[in-house]
Visitor: 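This is the structure I have questions about; it appears just below.
Keep in mind it's a predicted model, so treat the numbers as computed, not measured.
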Amino acid sequence: FALAAVVPGVSQVDNNSDFLGKKPHRQHPGILRLPCVEVPQALAAAAQFLLLEYSMPNVEKKVQALTNYLWSRRLPVEPEELRRRAVHLEEKFLENPDLLQVEEKLREAVLRALRKTTYHWQELSYNESLSLVYMAARLDGGFAAVSRAFHEIRARVPEFQPQTLMDFGSGTGSVTWAAHSAWGQSLREYMCVDSSAAMLVLAEKLLKGGSESGEPYVPGVFFRQFLPVSPKVQFDVVVSAFSLSELPSKADRTELVQTLWRKTSHFLILVENGTKAGHCLLMDARDLVLKGKEKSPLDPRPGFVFAPCPHELPCPQLTASKPLACSFSQAYHCIPFSWNKKKQKEEKFSMVILARGSPEEANRWPRITQPILKRPRHVHCHLCCPDGHIQHAVITARQHGRDLYRCARVSSWGDLLPVITPSESELPPSLPEDPPGN
């Protein structure tokens, strides 16, 4: 392989280890796309059976309403932020001499203005009925997002064979099913934790084919309403999918992330909606693990970002002049409920996978953060690079070499591009100099 020319911007093909070997470019090692995901037949059948058995009126409308609500959900406003807004409004009212009022009236005016401008976050209480609606709305999409996160680990660390898994905010149990599909040969214990007793009952029924007495499809699954107390108990994989957004305050989220990290022996996987709110939650959690000092450091190994970021620096998507959510998309086959007219859908989600240990340099390849644009003889790639910057790279065979160009052309959103960014000392000088000896 001839290395692509080193140019400022995009670097050179990383073929330290003859990275393609005998494989074609379309199978380069940065390709992480997962074909269209399908929930196991047993899970789809159990979900359909339970929904029919409950015979809920207007289920389609309820599913659509919950889907829209969950997607448009924002973070609850913190008390300090509310106080700051109230003070600001009070100052504005007092600036206007016509509105100089008695204290009671001023307070009423401030509260009225706050109500109009503040997002009213509400905790969702999952009873039997709402749990079924959630199952119908989110079971297949949640399964797809988590499957993609597990696939990232399996593709890059094929030798990893976890034995224990904990799922916080387990809901309908889609994480357990996805984990069983990924590592069913090695996993022997699945700990599902959810504060809703109705959700836990539903998840157990789904495992037993829709009944309360059947044999569970996945062996070794345990259900709890609270996190295991002992700080010494760790799990190979800890997952929290679409659960951080269910907590009422930053303090609650901080405490939870610290607890989950203490219980992680290898990988902590956090997944949220592919919105700015979801992405911000994950970046806060990421910073907490990377910078935080554990309360009881029973496991002194540090943490690093395994995916999607190729660095531990501040997220360039959030520090940009127009902040964007760092999100990914996974295709999945819909469970054939009567209202599902489409056979396939896309789940848009954000994720962060944190790992114990120190980052392997070989994996620090740029991540493709948007769909690739293929044009005649050139490819547009948006890359999150190991130096902590977003780069819009236009890759051509002439400028970057045939290997890098062909790798870029067959890559897609969410893949890694197998290039190494040169350090500043390796970059060519901006002005051509006379070669030595002339």
Side-chain angles (χ1 to χ4, degrees), residues 39 42-76 119-143 145-146 166-178 190-214 216-218 221-228 239-249 252-253 255-256 271-273 277-278 281 334-335 337-340 347:
V39 300
L43 177 57
Q48 288 170 280
F49 171 76
L50 285 169
L51 209 59
L52 279 170
E53 187 184 48
Y54 196 82
S55 62
M56 189 187 299
N58 299 323
V59 65
E60 184 178 349
K61 278 185 184 173
K62 289 174 182 173
V63 164
Q64 195 56 56
L66 182 63
T67 303
N68 294 345
Y69 177 74
L70 291 172
W71 183 256
S72 60
R73 215 168 187 209
R74 284 184 273 160
L75 302 186
Y119 176 73
H120 298 288
W121 186 89
Q122 284 182 308
E123 191 169 349
L124 285 171
S125 177
Y126 285 100
N127 54 19
E128 186 182 5
S129 168
L130 189 57
S131 296
L132 275 165
V133 174
Y134 185 88
M135 174 197 79
R138 298 289 306 129
L139 181 61
D140 42 13
F143 178 89
V146 175
M166 183 176 81
D167 176 17
F168 176 82
S170 54
T172 54
S174 54
V175 169
T176 292
W177 289 83
Y190 306 77
M191 176 70 73
C192 296
V193 181
D194 201 292
S195 59
S196 164
M199 260 313 183
L200 293 176
V201 169
L202 177 59
E204 192 165 7
K205 279 185 180 177
L206 285 168
L207 277 173
K208 293 177 176 178
S211 72
E212 289 178 11
S213 55
Y217 185 84
V218 180
V221 183
F222 303 93
F223 296 97
R224 299 278 183 279
Q225 261 187 289
F226 305 100
L227 281 164
V239 184
S240 168
F242 309 101
S243 299
L244 288 175
S245 49
E246 294 293 329
L247 298 178
S249 72
D252 289 319
R253 293 194 293 272
E255 188 182 343
L256 174 69
V271 180
E272 289 293 334
N273 281 339
L281 280 178
C334 305
I335 295 174
F337 294 120
S338 57
W339 62 86
N340 269 343
E347 174 73 6

Visitor: Please test Arg253 against Leu75 for side chain to side chain contact (heavy atoms under 4.5 Å, CB included), starting from the C-alpha separation and ending with a verdict.
Guide: CA-CA 11 Å; Arg253 293 194 293 272; Leu75 302 186; 4.3 Å; yes
Visitor: Identify the heavy atoms of Gln225 and Ala197 that sit nearest to each other, and give their distance.
Guide: NE2-N, 3.8 Å
Visitor: Between Thr172 and Ala203 (side chain of the first, backbone of the second, donor and acceptor by atom type, cut-off under 3.5 Å), is there such a pair?
Guide: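 Absent.
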Visitor: Taking 4.0 angstrom as the limit, do Glu246 and Arg73 come out as a salt bridge?
Guide: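 Answer for the salt bridge query: yes.
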Visitor: Between Ala137 and Thr67, which heavy-atom pair has the shortest distance, and what is it?
Guide: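 Distance-wise, the nearest heavy atoms are CB-OG1, 3.5 Å.
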Visitor: Take Met166 and Leu227, measure what side chain to side chain contact (heavy atoms under 4.5 Å, CB included) needs, and give me the verdict at the end.
Guide: CA-CA 9 Å; Met166 183 176 81; Leu227 281 164; 3.6 Å; yes
Visitor: Work out which heavy atom in Ser170 is nearest to a heavy atom in Leu200; give both atom names and the distance.
Guide: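 Heavy atoms of Ser170 and Leu200 come nearest at OG-CD2, 4.0 Å.
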Visitor: Side-chain contact test, heavy atoms from C-beta onward, threshold under 4.5 Å: evaluate it for Phe223 versus Leu207 and give yes or no.
Guide: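 Phe223 reaches Leu207 side chain to side chain.
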Visitor: Could you pull out the closest heavy-atom pair between Ala47 and Leu139, with the gap in Å?
Guide: CB-CD2, 3.9 Å
Visitor: Measuring only between side-chain heavy atoms, which start at C-beta, is Cys192 closer than 4.5 Å to Thr176?
Guide: yes
Visitor: Looking at CZ of Phe168 and CZ of Phe226, how far apart are the two atoms once the value is rounded to the nearest 0.5 Å?
Guide: 10.5 Å
Visitor: What distance separates Ser174 OG from Leu206 CG, expressed to the nearest 0.5 Å?
Guide: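 So the OG of Ser174 and the CG of Leu206 are separated by 10.0 Å.
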Visitor: Looking at side-chain heavy atoms only, is the closest gap between Glu53 and Leu50 below 4.5 Å?
Guide: yes
Visitor: Just so I know, are the side chains of Val59 and Trp339 near enough to count as touching, which here means a heavy-atom distance under 4.5 Å?
Guide: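 They are in contact (side-chain heavy atoms under 4.5 Å apart), so the answer is yes.
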Visitor: Less than 4.5 Å apart, side chain to side chain, heavy atoms only: is that true for Arg138 and Glu347?
Guide: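 Touching, per the 4.5 Å side-chain cut-off.
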Visitor: Indicate yes or no: at least one non-hydrogen side-chain atom of Ser245 is less than 4.5 angstrom from one of Asn273.
Guide: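 No - every pair of side-chain heavy atoms lies 4.5 Å or more apart.
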Visitor: Is the distance between the ring centroids of Tyr126 and Tyr134 under 6.0 Å?
Guide: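 Yes: the rings meet the under 6.0 Å criterion.
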Visitor: So, applying side chain to side chain contact (heavy atoms under 4.5 Å, CB included) with Val201, which one of Lys205, Glu204, Met199 is it?
Guide: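 Considering Lys205, Glu204, Met199, a side chain to side chain contact (heavy atoms under 4.5 Å, CB included) with Val201 is found only for Lys205.
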Visitor: A side-chain contact here means heavy atoms from C-beta on lying under 4.5 Å apart; do Val221 and Pro216 qualify?
Guide: no
Visitor: Starting at CE of Met191, measure out to CZ of Arg224 and round the result to the nearest 0.5 Å.
Guide: 4.5 Å
Visitor: Closest approach of Leu244 and Glu272, non-hydrogen atoms and distance?
Guide: N-OE2, 2.9 Å
Visitor: For the pair Val271 and Val239, evaluate side chain to side chain contact (heavy atoms under 4.5 Å, CB included) and give the outcome as yes or no after the intermediate values.
Guide: CA-CA 8 Å; Val271 180; Val239 184; 5.5 Å; no
Visitor: Specify the closest pair of heavy atoms between Ser131 and Ala198, including all atoms of both residues, with the distance to one decimal.
Guide: OG-CB, 3.9 Å
Visitor: On the 0 to 90° scale, with breaks at 30° and 60°, tag the Tyr217-Trp177 ring pair as parallel, tilted or perpendicular.
Guide: parallel
Visitor: For the residue pair Asn340 and Phe337, establish whether any side-chain heavy-atom pair is separated by less than 4.5 Å.
Guide: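 Yes. Closest side-chain heavy atoms under 4.5 Å.
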Visitor: Between Asn127 and Leu130, is there a donor-acceptor pair closer than 3.5 Å when you use the side chain of the first and the backbone of the second?
Guide: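 The answer is yes, because a donor-acceptor pair under 3.5 Å joins these two groups.
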Visitor: If the test is side chain to side chain contact (heavy atoms under 4.5 Å, CB included), which one of Ile335, Val133, Leu132 qualifies with Leu51?
Guide: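 Among Ile335, Val133, Leu132, the one that satisfies the side chain to side chain contact (heavy atoms under 4.5 Å, CB included) with Leu51 is Leu132.
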Visitor: Look at the side chain of Ser243 and the backbone N and O of Ala241, then say whether any donor-acceptor pair between them is shorter than 3.5 Å.
Guide: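 Side chain of Ser243 to backbone of Ala241: a pair is present.
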